[in-house]
Colleague: 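Take a look at the following structure, please.
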Amino acid sequence: MTRDAIRLRSVTRTHGSGDAAVTALDDLSLSFAEGTFTAVMGPSGSGKSTLLQCAAGLDRPTAGTVLLGGTDLTALSENRLTLLRRERIGFVFQSFNLLPALTAAQNVALPLRLAGRRPGRSQVVDALARVGLAGRARHRPSELSGGQQQRVAIARALITQPDVLFADEPTGALDSTTGRDVLTMLRSMVDEARQTIVMVTHDPLAASYADRVLFLTDGRLNGELASPSAETVAARMTRLETAAC
Ligand code: ADP
Ligand code: MG
């Protein structure tokens, strides 16, 4: 039986008020099963980043609930939410967001330090080895390629063994070959370690690495595709974007 790692129930997120109000997410209900890889696609402004931020506890819905396992994130205080995020959520950004003054190993160890845990050396070395960077532990971000930096960011996001790894356009700043390496790595984390991954992407080829693609328009779910291929995803995106014009 598969369980849901994360579930959104009737999540609405509005920005501003009155005439200027923007509904980024509109009564959205979704779930992500444990050990599955989901891609989220949709036109620019359709609410993809807001969905990820609300699901990851980085932003709070205006209405609705977000359940991580049995925990309702929307009911937690700011402090409890911060602690939960550190322990149970991983997040990877398009722009890597590594700390430039720290080495790769220090960047990877950071979430453990923030959680008050003393990182074991082998734990950090293992995490770097899993992303193919065993030999780069002492390098600083400026001494690494974009693809290597993103792999450090992935190792950092996974060091706490989070319930869910969220990635917002993780290959958006990478060339296509390097991007494919990162996607292959994400895929193998799902297949080999049953990691749950939710990834926003613009790229149909990137989405084809997922088990399922969700399409958003105007903050609502506008269909989904199981076992996606780059071609079926591209065809669906073209239809969505044509309909939006
Ligand atoms: P996407 O990632 O799909 O491009 P976003 O989730 O970033 O979309 O944004 C969804 C909608 O919410 C857009 O119309 C955007 O302009 C709006 N929005 C997002 N963040 C804010 C904010 N902080 N203030 C006002 N509007 C916002
Ligand atoms: Mg976005």
Side-chain angles (χ1 to χ4, degrees), residues 6-32 37-66 68 73-74 78 81-82 85 89-98 146 149-150 153-154 157 164-174 176 179 182-183 186 196-210 212-225 228 230 233-245:
I6 195 147
R7 187 142 32 116
L8 281 73
R9 281 200 195 129
S10 300
V11 168
T12 294
R13 176 67 168 107
T14 54
H15 294 284
S17 57
D19 286 350
V22 176
T23 304
L25 297 178
D26 187 4
D27 196 23
L28 190 62
S29 295
L30 284 174
S31 54
F32 301 97
F37 188 175
T38 305
V40 178
M41 300 190 82
S44 180
S46 59
K48 304 180 296 294
S49 292
T50 307
L51 165 61
L52 239 59
Q53 306 257 336
C54 285
L58 290 165
D59 188 13
R60 285 189 186 270
T62 311
T65 54
V66 177
L68 179 72
L73 303 192
T74 58
E78 233 17 80
L81 186 57
T82 301
R85 245 187 355 245
I89 301 274
F91 209 106
V92 173
F93 301 88
Q94 177 173 345
S95 50
F96 323 138
N97 289 9
L98 298 176
Q149 289 183 60
Q150 192 60 300
I154 291 167
V164 186
L165 175 67
F166 293 98
D168 196 348
E169 308 255 6
T171 58
L174 304 177
S176 58
V182 166
L183 291 160
L186 294 176
T196 308
I197 300 182
V198 183
M199 171 183 78
V200 167
T201 182
H202 273 114
D203 176 9
L205 182 65
S208 73
Y209 285 74
R212 173 175 75 136
V213 185
L214 303 179
F215 297 93
L216 287 190
T217 51
D218 300 324
R220 290 167 170 269
L221 190 61
N222 189 332
E224 61 178 90
L225 207 54
V233 172
R236 184 76 72 98
M237 279 302 290
T238 304
R239 264 189 284 150
L240 283 186
E241 278 162 355
T242 314
C245 290

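Read the numbers this way: they start at 1 and go in the same order the structure lists the ligands and their atoms. Computed from a predicted structure; not experimentally measured.
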Colleague: Please write down residue, atom name and distance for the protein heavy atom closest to atom 7 (O) of ligand 1.
Modeller: S49 CB, 3.8 Å
Colleague: Under 4.0 Å from a heavy atom of S44: which atoms of ligand 1 are those, numbered in the order shown and with their elements?
Modeller: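 So the answer, numbered in order with elements, is 4 (O).
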Colleague: For atom 13 (C) of ligand 1, decide whether some protein heavy-atom distance is shorter than 4.0 Å.
Modeller: yes
Colleague: With a cut-off of 2.8 Å, does any N, O or S atom of S49 fall short of it relative to the Mg ion (ligand 2)?
Modeller: yes
Colleague: Report yes if G47 has an N/O atom closer than 3.5 Å to an N/O atom of ligand 1; otherwise report no.
Modeller: yes
Colleague: With the side chain counted from C-beta on, respond yes when L51 and L30 share a heavy-atom pair under 4.5 Å apart, and no when they do not.
Modeller: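 They are in contact (side-chain heavy atoms under 4.5 Å apart), so the answer is yes.
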Colleague: Where on V22 is there a heavy atom closer than 4.0 Å to ligand 1, on the side chain, on the backbone, on both, or on neither?
Modeller: side chain
Colleague: For atom 23 (N) of ligand 1, state which one of H202, H15, R13 supplies the nearest heavy atom.
Modeller: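 Considering heavy atoms of H202, H15, R13, the nearest to atom 23 (N) of ligand 1 sits in H15.
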Colleague: At what distance is the nearest protein heavy atom to atom 3 (O) of ligand 1, and which residue and atom is it?
Modeller: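 It is K48 NZ, 2.8 Å.
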Colleague: Could you check atom 5 (P) of ligand 1 against the protein and tell me its nearest heavy-atom contact, residue, atom and distance included?
Modeller: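 The protein heavy atom lying closest is T50 OG1, 3.6 Å.
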Colleague: Hey, does the side chain of T23 reach the backbone of T14 with a donor-acceptor pair shorter than 3.5 angstrom?
Modeller: no
Colleague: Should F215 and V213 count as side-chain neighbours, where that means a heavy-atom distance under 4.5 Å?
Modeller: yes
Colleague: Hey, is atom 16 (O) of ligand 1 touched by any protein heavy atom at less than 4.0 Å?
Modeller: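 No, there is none.
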Colleague: Report, as yes or no, whether the 6.0 Å neighbourhood of atom CZ on R220 holds more than 12 heavy atoms from other residues, nucleotides or ligands.
Modeller: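 Check fails, neighbour count at 12 or below.
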Colleague: Heavy atom of P43 under 4.0 Å from ligand 1?
Modeller: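 The answer is yes: ligand 1 sits under 4.0 Å from a heavy atom of P43.
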Colleague: With side chain to side chain contact (heavy atoms under 4.5 Å, CB included) as the criterion, how do R239 and T242 come out once you've worked through the C-alpha distance, each side chain's angles and the decisive distance to 0.1 Å?
Modeller: CA-CA 5 Å; R239 264 189 284 150; T242 314; 5.6 Å; no
Colleague: Step by step, would you call L216 with L28 a side chain to side chain contact (heavy atoms under 4.5 Å, CB included)?
Modeller: CA-CA 10 Å; L216 287 190; L28 190 62; 4.2 Å; yes
Colleague: Quick check on D26: does its CG atom have over 12 non-hydrogen neighbours (other residues, nucleotides or ligands) under 6.0 Å away?
Modeller: yes
Colleague: Hey, does G45 come in under 3.5 Å of ligand 1, counting only N/O atoms on both sides?
Modeller: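 Checking ligand 1 against G45, an N or O pair does fall under 3.5 Å apart.
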Colleague: Mind running side chain to side chain contact (heavy atoms under 4.5 Å, CB included) on L165 and L186 for me, showing each step along the way?
Modeller: CA-CA 10 Å; L165 175 67; L186 294 176; 3.9 Å; yes
